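Report on the following structure.
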Amino acid sequence: MAYPKKVHPNGIYDAIVVGAGIQGTFTAQHLSKRRQKTLLLDQFLLPHTRGSSHGLSRIIRSAYPQDYYTAMMGEAIRLWAELEAETGTQLYRRTPLWVLGRPESPEFQSYRRTMERHHVPSEELAPEAFAQRFPGFHLPSEEMAVSDHSAGVLFPDKVLRVVQDQFRQSGGTIRDGEKVLQIIPGSVVRVVTPEREYQAKRIVVTAGPWTGPLLTPLGLHLPLQPLRISVCYWKESQPGALRELPSFISLHGAKHHVYGLPAGDYPGLVKICYHYGNLVDPETPDRLTQSSPPVPDVQILKDFVRKYLPGLDPEPAVQERCLYTNTPDEDFVLDRHPRFRNIVIGAGFSGHGFKFGPVIGKILCQLSLGEEPSYDLTPFQISRFPKAAL
């Protein structure tokens, strides 16, 4: 359903946010709460399934090998709980997540140490104990499991609806089905769509895989890779195989992680996905680019299911898709444009940004208002890509 086409007189705003996915929606909400007259633009009619923020489930977790993500998640979990209390809507359910890997692995050790440093509630299980807890999961003898008891499953479609409703109720304007054709920098930024031109003192670009083409005319060439991800759901081949199946991230056996969530999206099916995919143009996501060999993502998942979850049918029962926008290091971009400081960019969330939505919205709001951000943004600065602003 399209939102009412309300436009502020003269099309002039304090702030414009381009892209109404999770990061843009939270950014617009934070700006509106700061009494900024804010316009949220999206090229598709809302809600839609063309980007990265749709669906029925996302993992929320504090378990990360990097301290900066685990630190941000402390505030994010608190803000998610506050949003639930404010709206009277359940937006996620708590369920522990298990990180699976070889104990001698440096990455596995990083997960353990980071959770210890940030006092994330946790426990460790050897393969025998893990098998007793989760009989349908066959953990190899050389691996072990460490849990994140702060974790859970978010409900993306419900979250977007709730936050966008909050934004509108606070006076914000949403214009969907309106593609941004051009951003013209200046002390007042002009944003051109097929319907009209808008103006604002500041703009935030959170356009997912469409971010690169929007920024290239502004002299910024971020190394963003739009990837098509196979979202796969699996059914039992043995009765009871799905019972007590946990959320998990497997660090061993593939170049990228395999992750899974308990049954919920579809009755009787469990969601298991590969944390990588194939390069695509977001305008034509059905067609792979020819720049690299295809990634056998579904085959990798079939092999994983056969080894770790033998009680499931090795063929996926349902296949859907989602778009990631990856950076080379899989860290986010949260920064101001190097030349035009009233243009702020949130991009490259690399398939793990949804859970950070309320905190990222706060950070992008702070950057757009010229304030000191709440976190050290060194890992997320554009300057880490030397050729981006050449």
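As a basis for the values below, the full set of heavy atoms in this structure was taken, side chains included, without hydrogen atoms, waters or symmetry mates. These numbers were taken from a predicted model, which means no experiment stands behind them.
Asp148 places no side-chain N or O within donor-acceptor distance of the main-chain N or O of Pro96, the cut-off being under 3.5 Å. Between the side chain of Asp14 and the backbone N or O of Gln36 there is no donor-acceptor pair closer than 3.5 Å. Under a 3.5 Å cut-off, the side chain of His337 and the backbone N or O of Pro185 do not form any donor-acceptor pair. A distance-only check finds a donor-acceptor pair linking the side chain of Thr89 to the backbone of Thr87 [under 3.5 Å]. Side-chain atoms of His118 do not come within 3.5 Å of backbone N or O of Val120 as any donor-acceptor pair. The backbone N or O of Ile22 sits nowhere less than 3.5 Å from a side-chain atom of Thr25 that would complete a donor-acceptor pair. A side-chain donor-acceptor contact under 3.5 Å links Glu84 to the backbone of Leu91. A distance-only check finds no donor-acceptor pair linking the side chain of Lys179 to the backbone of Thr193 [under 3.5 Å].
The two atoms that bring Pro282 and Leu323 nearest to each other are CB-CD1, 4.2 Å, heavy atoms only. Shortest non-hydrogen contact noted between Gly361 and His30 is C-CD2, 3.4 Å. Annotation for Leu40 and Gly19: closest pair CD1-O, 3.6 Å, computed over non-hydrogen atoms.
Note on Glu371 versus Arg34: salt bridge recorded, some NZ/NE/NH1/NH2 to OD/OE distance being below 4.0 Å. Under a 4.0 Å N-O distance rule, the pair Arg321/Asp286 qualifies as a salt bridge. A salt bridge links Glu82 to Arg78: one of the charged nitrogens lies within less than 4.0 Å of a carboxylate oxygen. Checked for salt-bridge contact, Arg133 and Glu123 meet the test: a charged N lies under 4.0 Å from a carboxylate O.
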Stepwise side chain to side chain contact (heavy atoms under 4.5 Å, CB included) test for Glu178 and Arg196:
CA-CA 9 Å; Glu178 195 163 340; Arg196 63 178 301 146; 4.1 Å; yes

Going through the checks in order, is the salt bridge (Lys or Arg N to Asp or Glu O under 4.0 Å) test met by Glu195 and Arg175?
CA-CA 11 Å; Glu195 296 194 27; Arg175 298 272 295 182; 2.9 Å; yes

Between Arg384 and Asp329, is a salt bridge (Lys or Arg N to Asp or Glu O under 4.0 Å) present by the stated rule, with each step listed?
CA-CA 10 Å; Arg384 74 186 196 270; Asp329 55 16; 2.7 Å; yes

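The aromatic ring centres of Trp80 and Phe26 sit less than 6.0 Å apart. Annotation: Tyr259 is not in aromatic contact with Tyr274 [ring centroid separation under 6.0 Å not met]. The ring of Phe354 has its center no closer than 6.0 angstrom to the ring center of Tyr324. Taking the ring centroids of His221 and Phe385, they lie at or beyond the 6.0 Å cut-off. In this structure, the ring of Trp210 has its center less than 6.0 angstrom from the ring center of Phe44. Tyr69 and Phe380 have their aromatic ring centers within a separation under 6.0 angstrom.
A side-chain N or O of Glu107 and one of His257 form a donor-acceptor pair less than 3.5 Å apart.
Judged by the 6.0 Å and 45° rule, Arg61 forms a cation-pi pair with Tyr64.
In this structure the side chain of Phe108 reaches within 4.5 angstrom of the side chain of Met144, judged on heavy atoms. In this structure, Tyr198 and Val189 have side chains that are not in contact, with every pair of non-hydrogen atoms separated by 4.5 Å or more. Between Leu301 and Cys232 there is a side-chain heavy-atom pair separated by less than 4.5 Å.
Screening Val153, Leu97, Ile77 for a side-chain contact (heavy atoms from CB on, under 4.5 Å) with Ile60, the sole residue that qualifies is Ile77.
With values rounded to the nearest 0.5 angstrom, Ser122 atom OG is found 7.5 Å from Trp98 atom CH2.
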